[in-house]
> 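Sharing a structure below in structure tokens format, with a few things to ask.
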There are 2 protein chains.
Amino acid sequence: MGTTERREREKEQRRNEIINSAEKVFFMKGIENATMDEIAEEAELSKGTLYLYFKSKEELFHAICSRAGKKLLGMFEESIKYKKNGLLKVKSIGQAFYDFSQGYPEYYDVIKRADSMKICDCENSHEAKKAKEQGEETLGLLKKCVIEGINDRSIRSELDPEITSIMLYGMSKGVIQIMNEVMPETGMPLIQDKKLFIESFFEFAGYGLNNQK
Amino acid sequence: MGTTERREREKEQRRNEIINSAEKVFFMKGIENATMDEIAEEAELSKGTLYLYFKSKEELFHAICSRAGKKLLGMFEESIKYKKNGLLKVKSIGQAFYDFSQGYPEYYDVIKRADSMKICDCENSHEAKKAKEQGEETLGLLKKCVIEGINDRSIRSELDPEITSIMLYGMSKGVIQIMNEVMPETGMPLIQDKKLFIESFFEFAGYGLNNQK
DNA sequence: AACATCAAATGACTAACAGTCAGTAAATAA
DNA sequence: TTATTTACTGACTGTTAGTCATTTGATGTT
């Protein structure tokens with residue numbers, strides 16, 4: 001009798017519906033200003049039910065982070081397909097990160113915020129741990145490409161793949177973040193031509209990575 | 001009769017004492033968990049008085065950001081003294097940023113968090129605007145050094161100083177941030193040897209900046 | 001069909017906290 | 001001494017995260 005299995009499926013579905021509603025409210029009102037009551041209303045459930053599926057508002061936030069991270073990882077994986085060598089793969093990951101920040105600004109924002117949070121709510125939050133691990137996996141993909149690049153001689157062999165991949169990831173995050181900042185008073189973006197800016201960054205990073213000359 | 005002037009001075013001092021107390025509580029309990037009641041108690045004032053000096057908890061936070069930014073700018077300015085050319089100055093700013101993150105981790109944390117906040121609470125918060133403007137000034141100093149480096153031929157002349165300085169600042173922030181992250185589960189830092197890591201970064205960035213060879 | 005069992009959902013309730021404001025105290029001026 | 005201005009107070013309000021005793025409804029049993 002597949003009752004239990006069906007129950008399990010339905011539960012998973014409810015969970016996802018709740019995350020959907022949370023996304024709507026979080027992105028509409030901003031993370032701070034969103035309330036659990038609103039999310040409950042959006043999900044057409046009582047607040048109590050929300051807490052049957054998620055331990056806290058923060059856990060719900062981390063579930064969204066996890067989705068965002070999954071999307072990002074997927075875009076990275078997609079981007080490196082059919083690329084001829086490690087260096088090109090590394091560059092295409094950078095490009096994918098930029099595309100992610102522009103194509104899914106809310107998801108990008110969620111990841112940015114999670115990154116700046118104090119170290120490890122992982123203790124008590126299953127979702128936070130999941131999101132962190134996703135970050136590790138993403139970093140692992142980048143590292144794999146750096147290693148590939150060293151092996152196929154497109155990337156300088158003196159570089160340590162571990163250090164280099166973490167450095168590249170950090171640099172990309174920082175560059176994309178500052179690119180999206182706006183100036184006080186005017187509210188104008190710090191960078192007008194984002195494409196030029198990100199290309200300049202790729203070129204700059206190329207000097208550090210590239211093997212030829 | 002200098003009563004008004006003295007009053008002004010005393011007011012400024014109270015303000016600073018409140019920020020001192022807020023720092024203590026914020027850093028002790030974490031920014032989210034700190035309460036205005038605790039800060040009031042620490043400052044030996046009533047909560048109502050706090051609100052005579054600061055419009056909100058957030059404004060108090062931004063006042064701390066402003067202090068942190070001031071400290072950072074000071075360290076940047078100090079670090080470039082007696083450096084022989086633009087490239088060395090740029091590098092020493094990077095080093096100062098690293099030193100700041102290690103020497104004043106709470107201030108570093110405050111800046112990191114402020115950076116990840118949604119664009120512009122500047123509208124209504126005087127302190128937020130002040131902190132943002134400080135960021136601009138800091139970036140301006142870096143730009144000045146890049147220009148100096150281009151003029152004294154220590155930095156490649158093809159680089160655009162505006163783009164390059166923003167890029168360097170973003171890269172540094174990102175690299176220092178990821179350097180301080182910890183892994184899920186174990187809680188181990190992602191980077192064991194921070195000095196090696198930051199040196200690798202300087203070397204890497206050097207390839208993009210350096211004029212010779 | 002009637003009843004028993006169990007999981008899922010509810011919403012009124014509590015606690016905690018940001019922010020307010022009518023009232024008090026203290027300093028200065030008259 | 002009295003009047004006026006300024007600084008401060010703390011009880012109060014409104015909001016929101018999180019809880020839990022109770023209800024609803026589905027599934028299985030006789």
Side-chain angles (χ1 to χ4, degrees), chain A residues 1-22 24-26 28-64 117 121 123-128, chain B residues 1-22 24-26 28-64 117 121 123-128:
Chain A
M1 201 178 303
T3 309
T4 327
E5 287 79 359
R6 199 205 57 216
R7 281 252 174 84
E8 216 56 44
R9 250 183 300 122
E10 283 177 350
K11 219 169 173 177
E12 190 58 32
Q13 201 176 328
R14 262 264 185 285
R15 223 186 111 83
N16 275 311
E17 282 165 14
I18 292 172
I19 303 178
N20 290 341
S21 303
K24 267 191 209 163
V25 178
F26 273 132
M28 180 86 78
K29 312 264 283 188
I31 292 160
E32 311 294 326
N33 302 321
T35 71
M36 291 301 265
D37 284 291
E38 276 176 295
I39 295 168
E41 193 177 356
E42 176 69 39
E44 292 173 316
L45 289 169
S46 74
K47 186 158 65 153
T49 307
L50 257 51
Y51 282 91
L52 294 176
Y53 288 84
F54 296 92
K55 234 181 58 222
S56 65
K57 186 182 172 185
E58 204 177 321
E59 181 127 359
L60 202 37
F61 168 74
H62 283 300
I64 297 173
M117 274 174 167
D121 324 287
E123 309 305 317
N124 28 25
S125 166
H126 175 248
E127 285 299 328
Chain B
M1 202 180 302
T3 309
T4 326
E5 287 78 0
R6 201 205 56 215
R7 281 252 174 84
E8 216 56 43
R9 249 183 301 120
E10 282 176 351
K11 220 167 174 177
E12 190 58 31
Q13 202 178 326
R14 261 266 186 284
R15 223 186 112 83
N16 275 311
E17 282 164 14
I18 291 173
I19 302 177
N20 290 342
S21 302
K24 268 191 208 162
V25 178
F26 274 132
M28 180 86 78
K29 313 264 283 187
I31 292 159
E32 311 294 327
N33 303 320
T35 71
M36 290 301 265
D37 284 289
E38 277 177 292
I39 295 168
E41 193 178 355
E42 177 69 40
E44 294 173 314
L45 288 169
S46 74
K47 185 156 66 154
T49 307
L50 257 52
Y51 283 92
L52 293 175
Y53 289 84
F54 296 92
K55 235 182 56 222
S56 66
K57 187 182 171 184
E58 204 178 323
E59 181 127 358
L60 201 36
F61 168 74
H62 283 300
I64 296 173
M117 274 172 165
D121 325 288
E123 309 304 318
N124 28 25
S125 166
H126 176 248
E127 284 300 327

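Every heavy atom of this structure was used, including side-chain atoms; hydrogens, water molecules and symmetry mates were not. In what follows, chains are A, B, ... by sequence order, proteins preceding strands, each numbered from 1.
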> Report the distance from atom NZ of Lys11(B) to atom C1' of dT6(D), rounded to the nearest whole Å.
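Roughly 8 Å, once rounded to whole Å.
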> Could you check how far CD of Glu38(B) sits from C1' of dA18(C), rounded to whole Å?
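From Glu38(B) CD to dA18(C) C1': 13 Å.
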> Would you kindly give the CZ-to-C1' distance between Phe54(A) and dA9(C), to the nearest whole Å?
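Whole-Å distance recorded here is 16 Å.
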> Find every protein N or O atom lying less than 3.5 Å from an N or O atom of nucleotides 13-19 of chain D, and list the pairs.
| unit_1 | atom_1 | unit_2 | atom_2 | d |
| --- | --- | --- | --- | --- |
| dA17(D) | OP1 | Ala34(A) | O | 3.3 |
| dA17(D) | OP1 | Lys57(A) | NZ | 3.4 |
| dA17(D) | OP2 | Met36(A) | N | 2.9 |
| dA17(D) | N7 | Lys47(A) | NZ | 2.9 |
| dG18(D) | OP2 | Tyr51(A) | OH | 3.0 |
| dG18(D) | OP2 | Lys57(A) | N | 2.9 |
| dG18(D) | N7 | Lys47(A) | NZ | 2.9 |
| dG18(D) | O6 | Lys47(A) | NZ | 2.9 |

> Starting at CZ of Arg15(B) and ending at P of dA7(D), how long is that distance when rounded to a whole Å?
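Rounding to the nearest Å, CZ of Arg15(B) and P of dA7(D) are 14 Å apart.
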> So for atom CD, which belongs to Glu44(B), do other residues, nucleotides or ligands contribute more than 12 heavy atoms lying within a distance under 6.0 Å?
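No, not enclosed.
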> Nearest to the side chain of Arg14(A) - dA8(C), dT9(D), dA9(C)?
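Selected nucleotide: dA9(C).
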> Could you tell me if the side chain of Ile19(A) sits less than 4.5 Å from the side chain of Phe54(A), heavy atoms only?
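In short, these two side chains touch, coming nearer than 4.5 Å.
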> Over how many whole Å does the gap from Leu52(B) atom CG to dT24(C) atom P extend?
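Roughly 17 Å, once rounded to whole Å.
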> Rounded to the Å, how far apart are Tyr53(A) OH and dT10(C) C1'?
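Spelled out: OH on Tyr53(A) to C1' on dT10(C) is 13 Å.
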> Without decimals, in angstroms, what is the distance between Lys29(B) NZ and dA16(C) P?
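Distance check: Lys29(B) NZ to dA16(C) P gives 12 Å.
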> Rounded to whole angstroms, how far apart are CG on Leu50(A) and C1' on dG11(C)?
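From Leu50(A) CG to dG11(C) C1': 13 Å.
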> Taking atom NZ of Lys55(A) as the centre, does the number of heavy atoms from other residues, nucleotides or ligands within less than 6.0 Å exceed 12?
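Yes, because the 6.0 Å sphere around NZ of Lys55(A) holds more than 12 heavy atoms from other groups.
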> Got Lys11(A) and Tyr53(A) here, is their nearest side-chain heavy-atom distance under 4.5 Å?
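Sidechains of Tyr53(A) and Lys11(A): in contact.
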> Is the phosphate of dC8(D), meaning OP1 or OP2, less than 4.0 Å from a side-chain N or O of Thr49(B)?
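So the side-chain polar atoms of Thr49(B) never come under 4.0 Å of the phosphate oxygens OP1 or OP2 of dC8(D).
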> Taking 4.0 angstrom as the limit, do Arg14(B) and Glu17(B) come out as a salt bridge?
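A salt bridge is present here (some side-chain N lies under 4.0 Å from a carboxylate O).
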> Do Glu32(B) and Lys57(A) meet the salt-bridge criterion of a basic N to acidic O distance under 4.0 Å?
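Glu32(B) and Lys57(A): not salt-bridged.
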